[in-house]
Amino acid sequence: MARSAHDPFPSTLGQRPAAYAAQQVARHHLQQAIEVRRKRLSDKRLSKKRSKSQRGNREKALHDFRVAVRRFRCHASAHRADLPLTKAHRRELKAIFQDTGAGRDADVARAWFQTLIEQAQVTVTGELPLGTVKGVPLRRVLQRFDRWATEVRARLRDLKLPPLEQGQNFDAACGRAIELDLLRSLLPQLEGSAPDIVVHDARLALKRLRYVLEPLRAGPYEAAPILQDCRLMQGWLGDARDLRALGHGLMRHKAKGSRRAALDAVARLAADEAEARVLACLEHAAQHREGNNEGPFDAWLARVESLQARLLGRADQEIERKYLLKGVPPEAARAPATIIDQGYLPGREIRERLRRLSRGDDVRFRRTIKAGRGLTRLEFEEPMDQATFDQLWPLTEGARVFKKRHRIEDGDDVWEIDVFTDRELVLAEIELESEDREVRLPAWLKPYVEREVTLEKGFVNQRLAR
C-alpha cells in the first residue's frame, strides 16, 4: 500500500525490528505534543486575555495536546519491553494527562445541555445545574510537562538497542499488543442495557486498539478499515458516556416546579440520545455479519483476529497443484456450481482480491491477500459485507475474472474445476496438506488433463485478470 501524505510512518515500518520502530513511533508522538505545547499553548499565549474564538482555539490546542499525550501513553504501554521508561516517568505522564483534563467533563456536559435544551424546547432559568470544576492551573501543568519531556526525550535518545538482525519485528509486537480477549469480553456486553462502566471501558479498549494499529496504517496489513471502525465506534460510545453522565446529574439535581420538569425532560432526552449512540455502534459492527445467528460484533471481532494473525505471521498456508484441462469433465458438469466474480484492487507488491460467490440465493463476499508464488503460498482471507464490496468493486475494473467452480469429492481429495465464463479456459486445482504429497489423477479427470501448470505464471489468476 502506498504511503499517503497523512501517514508519518513508512509502509515498511512493520518489518523493522520492534525496538527501533517503537522508538521511532514514540519520538513522533512526543514531538507532536511538544510542538503543540510550544506553538499553540505557550506561556505567552496562556497569559493573554482571549476572545470567544481565541478560547475555542485554545480548547482545540489542548485537545490536540491531550491526544498526542494519550497516543504516547498507549504506545509506551503496548511496547513496554522496547521502551523501558521509569515508573516515575509513567506516573508523571498519567498525572499530566489527568490534570490537563480537569474541567473537560463539565465543559462537554455544558455543551450537550445547551443542545438538548433546544431539542426539548424547554426553558431552564437560573444557573446551569452542572457545577464547576477546579483543577491545577494549566500553565503549571504544562511546565511540568516541559521538564518531563526533556528527560524522556533524552532517555529515548540514549536507549541501548539490540543489533538490527536481532529480536522480533514491529508488526509481531503490535499483534501481541492487541487485547483481543478484552474486546471479546466487553463489546458483546453493549447489547441490551449496558452499564456505564461497560460503555466507558469498551470505548477505551477501541481507542487502545486504534492507537496500536495506527503506525501500521500504510503497511500491507489492511488495517485502515478497522481503524475507521474504531474511530467511529469509540466516538459514539464517548458521546453515550457523556450523555448518560449528564442525564444522571440532572436527575440528582435538586429542583422544584417548572425547573424540575424542564430538567427531567432534558434528562430523558439525554438518555434517549445515549442509547441511540450505543445502537449506532452495534449497527455499524453488525453490518459485517454473514448470518442472522451471529452477534453484532462476532464478524467484526473475527476481522480483528484475522489482522492479528497476519501481524503475528499466523497466516493460513495454501499448498495446491493446478492443471490445464482440454474440456469440462462430465463429473464436473453434473456437480453444483458456484458463480465467482473475482477482481483485484490496484497495488504494486501486494494485490488484494475481492470475490462475490453466488449459489442460488446464497451470496457471500470475501477479501483475500495471497503472498508467494508456485506450489506453496501464504493466504490471508476474511469475509466482507456487500456495502464494502460494492464500494471497492469498481476499483477492480480491468483486473477481473469470471468463472463457475465445481467441487468434486474423490475419496479424501477435493477437486475444484474452474470453468471460465469470460474466455475458453478450464483449470483443475487440488489443495494438499504437504508439498511432498504425490497427486494421482482420478480416472474421470485424467483424460482431460493437458498438462500441470502449477509453476507457470501465466495461469495465476492475477495474471489472467483483465
Side-chain angles (χ1 to χ4, degrees), residues 290 315-345 351-384 386 389 393 396-466:
E290 286 193 312
D316 293 331
Q317 193 174 63
E318 180 187 66
I319 304 172
E320 66 178 18
R321 290 190 181 275
K322 184 180 296 187
Y323 301 84
L324 174 64
L325 303 188
K326 302 171 185 177
V328 183
E331 283 77 0
R334 290 193 293 266
T338 299
I339 299 173
I340 300 176
D341 302 332
Q342 183 168 300
Y344 294 86
L345 295 176
R351 299 288 299 277
E352 180 178 350
R353 184 186 73 191
L354 306 182
R355 264 186 176 177
R356 176 170 47 214
L357 302 101
S358 309
R359 180 183 290 182
D361 295 333
D362 184 18
V363 181
R364 298 192 177 192
F365 306 89
R366 302 194 73 82
R367 59 198 307 170
T368 305
I369 295 176
K370 292 190 177 184
R373 295 185 177 90
L375 180 61
T376 303
R377 293 179 292 174
L378 295 180
E379 182 179 86
F380 312 96
E381 185 172 60
E382 66 182 13
M384 66 190 305
Q386 182 173 353
F389 178 88
W393 181 252
T396 68
E397 186 175 1
R400 297 171 180 168
V401 295
F402 301 90
K403 56 190 177 182
K404 292 183 178 179
R405 170 164 291 176
H406 304 267
R407 288 172 56 89
I408 304 170
E409 295 185 7
D410 187 88
D412 293 333
D413 294 333
V414 176
W415 286 88
E416 294 179 341
I417 310 299
D418 287 345
V419 182
F420 288 73
T421 57
D422 57 351
R423 72 202 76 188
E424 291 187 7
L425 178 64
V426 184
L427 297 174
E429 295 181 359
I430 181 173
E431 289 198 15
L432 309 172
E433 64 274 11
S434 64
E435 290 189 14
D436 55 4
R437 154 80 189 281
E438 181 182 357
V439 177
R440 294 185 178 181
L441 298 176
W444 60 265
L445 178 62
K446 192 171 184 178
Y448 291 87
V449 174
E450 184 168 322
R451 69 179 187 274
E452 183 177 356
V453 293
T454 303
L455 301 179
E456 294 187 30
K457 296 180 180 179
F459 290 96
V460 175
N461 275 275
Q462 189 170 316
R463 292 288 188 95
L464 292 171
R466 61 188 184 189

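Bear in mind that the values here come from a model prediction, so they are computed numbers and not experimental data.
Ile339 approaches Lys404 most closely through the heavy-atom pair CG1-CG, 4.4 Å. Here the closest non-hydrogen pair linking Gly458 and Leu464 is O-CD2, 3.3 Å. When all heavy atoms of Ala399 and Ala465 are compared, the closest pair comes out as C-CB, 3.4 Å.
The CD atom of Gln386 lies 4.0 Å from the CZ atom of Phe365; values are rounded to the nearest 0.5 Å. Atoms NZ and CG, on Lys322 and Leu325 in that order, are 11.5 Å from each other to the nearest 0.5 Å. With values rounded to the nearest 0.5 angstrom, Leu324 atom CG is found 4.5 Å from Phe459 atom CZ. One finds the CD atom of Gln462 at 12.0 Å from the NZ atom of Lys457 (value rounded to the nearest 0.5 Å). Annotation: the span from Ile430 atom CD1 to Ile417 atom CD1 amounts to 9.5 Å, rounded to 0.5 Å. Atoms OH and CZ, from Tyr344 and Arg355 in turn, are 7.0 Å apart once rounded to the nearest 0.5 Å.
Residues satisfying the side chain to side chain donor-acceptor pair (under 3.5 Å) criterion with Lys403, sequence neighbours excluded, are Asp418, Asn461. In terms of the side chain to side chain contact (heavy atoms under 4.5 Å, CB included) criterion, residue partners of Ala333 (sequence neighbours excluded) are, by chain and number, Val328. Applying the side chain to side chain donor-acceptor pair (under 3.5 Å) test to Glu416 and every residue at least two apart in sequence or in another chain returns Arg405, Arg407. With sequence neighbours excluded, the residues that form a side chain to side chain contact (heavy atoms under 4.5 Å, CB included) with Thr338 are Ile340, Leu357, Arg359. Asp413 pairs by the side chain to side chain donor-acceptor pair (under 3.5 Å) definition with Arg437, not counting sequence neighbours.
Ring orientation note: the planes of Phe402 and Trp393 are nearly perpendicular, at an angle over 60° on the 30°/60° scale.
The backbone N or O of Phe389 lies less than 3.5 Å from no partner atom in the side chain of Arg356, so there is not a single donor-acceptor pair. Of the possible polar contacts, none joining the Thr396 side chain to the Leu345 backbone as a donor-acceptor pair under 3.5 Å is found.
The shortest distance between side-chain heavy atoms of Arg400 and Asp341 does not fall below 4.5 Å.
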Step-by-step side-chain contact (heavy atoms from CB on, under 4.5 Å) determination, His406 to Val419:
CA-CA 8 Å; His406 304 267; Val419 182; 4.0 Å; yes
Show me, pair by pair, the donor-acceptor contacts under 3.5 angstrom made by side chains of residues 439-451, not counting sequence neighbours?
| from | atom 1 | to | atom 2 | distance (Å) |
| --- | --- | --- | --- | --- |
| Trp444 | NE1 | Asp410 | OD1 | 3.1 |
| Arg451 | NE | Glu456 | OE2 | 2.9 |
| Arg451 | NH2 | Glu456 | OE1 | 3.2 |

